Amino acid sequence: MATLAPNLGDTARAHEDCPHFDLDNLRVALEDFDVVVVGEVAMVDGAPAIEPEVYLKGSAVTGALALDDASECDRADLPAAGTRVVVALRREAGAFQWPVPAALFVVEGGTATNGAEPPLSLPEDDLVSRIREVSGQYAVLATDPSEGASVNWLGVVLPVALAAALILGIALVLLRIWHRIEPE
């Protein structure tokens with residue numbers, strides 16, 4: 001498997017402020033990351049990035065998530081462009097910190113495998129389900145403007161406006177009757 005960047009695990013030292021990813025304690029692990037996505041590795045302007053398909057945690061935004069390789073944390077081997085991954089990322093100075101080995105799962109044949117020592121492999125569906133149970137999120141990006149949120153004028157706005165006008169009319173009639181009974 002070709003890699004986009006060498007693993008600098010030998011030279012990079014893990015620091016206490018580096019993110020930790022542990023499936024056994026997933027709730028605490030996800031607090032360490034800003035975004036968890038299912039996507040593809042891509043090259044954007046000559047730099048590695050992740051093209052998200054699905055957001056499992058974090059704000060879903062369009063466009064590639066650029067990776068910053070200036071981190072002093074252990075870094076995962078990034079697979080070749082076009083490879084599907086499930087990855088947890090931490091935002092850092094306008095980009096995303098290069099993923100740690102345990103937080104980058106390469107998906108091949110429906111199986112997700114990370115780069116931890118020893119590597120952890122599990123079905124992609126199981127990994128996504130476990131993350132969704134904790135984050136409560138599964139956001140798929142719209143592929144064109146017609147899939148975005150819109151206002152249903154005839155099905156929602158018009159009936160609600162008519163109902164509000166009817167209720168206001170009934171209230172005014174009842175108020176008029178009440179003033180005839182009790183003018184003061």
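Just so you know, these numbers come straight off a predicted model, no measurement behind them.
- Counting all heavy atoms, side chain and backbone alike, A66 lies closest to A95 at O-CB, 3.7 Å.
- In this structure, V36 and S135 have side chains that are not in contact, with every pair of non-hydrogen atoms separated by 4.5 Å or more.
- Side-chain atoms of Y138 and Y55, non-hydrogen and from C-beta on, never get closer than 4.5 Å to each other.
- Cluster annotation: V106 is not connected to L127 through the hydrophobic network of ILVMFWY side chains, with a link wherever side-chain heavy atoms come within less than 4.5 Å.
- Between R90 and D32, the closest side-chain pair of non-hydrogen atoms falls below 4.5 Å.
- Annotation: the span from N152 atom CG to L154 atom CG amounts to 7.0 Å, rounded to 0.5 Å.
- We find the CG-CH2 distance between L67 and W98 to be 6.0 Å, quoted to the nearest 0.5 Å.
- To the nearest 0.5 Å, the span separating CZ on R176 from CD1 on I181 amounts to 13.0 Å.
- Remark: R84 does not engage E108 in a salt bridge, criterion side-chain N to carboxylate O under 4.0 Å.
- Taking all atoms of both residues into account, the shortest heavy-atom contact from P19 to Q97 is CD-OE1, 3.6 Å.
- To the nearest 0.5 Å, atom CG of residue N25 and atom CD of residue E31 are 9.0 Å apart.
- Put simply, the side chain of L172 does not reach to within 4.5 Å of the side chain of L174, judged on heavy atoms.
- V44 and L89 sit in two unconnected hydrophobic clusters of ILVMFWY residues. Membership requires side-chain heavy atoms under 4.5 Å apart, directly or through other members.
- Nearest heavy-atom pair across P159 and W153 is CD-O, 4.4 Å.
- We find the CG-CD distance between L30 and E133 to be 11.5 Å, quoted to the nearest 0.5 Å.
- V35 places a side-chain heavy atom less than 4.5 Å from the side chain of R91.
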Q: Check the pair T111 / V107 against side-chain contact (heavy atoms from CB on, under 4.5 Å), numbers first and verdict last.
A: CA-CA 5 Å; T111 301; V107 179; over 6 Å; no
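- The CG atom of L104 lies 8.0 Å from the CG atom of N114; values are rounded to the nearest 0.5 Å.
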Q) Does the pair E40 and E53 meet the rule for a side-chain contact (heavy atoms from CB on, under 4.5 Å), with working shown? A) CA-CA 8 Å; E40 284 188 1; E53 297 170 10; 3.8 Å; yes
(Q) Please evaluate residues V37 and V87 with respect to the criterion side-chain contact (heavy atoms from CB on, under 4.5 Å), reporting the C-alpha separation (whole Å), side-chain torsions for both, the decisive distance (0.1 Å), and the verdict. (A) CA-CA 6 Å; V37 297; V87 62; 3.7 Å; yes
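- When all heavy atoms of A60 and A139 are compared, the closest pair comes out as CB-CB, 4.0 Å.
- Among L23, V38, V85, the one residue that satisfies the side-chain contact (heavy atoms from CB on, under 4.5 Å) test with F105 is L23.
- The shortest heavy-atom contact between P52 and V61 is CG-O, 4.4 Å.
- The minimum heavy-atom distance linking E51 with G63 is given by the pair OE1-C, 4.3 Å.
- When side chains are defined from C-beta on, V54 counts as touching L56, because their heavy atoms get closer than 4.5 Å.
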Q) Passes side-chain contact (heavy atoms from CB on, under 4.5 Å), R130 versus L122? Steps please. A) CA-CA 11 Å; R130 290 172 73 174; L122 68 158; 3.9 Å; yes
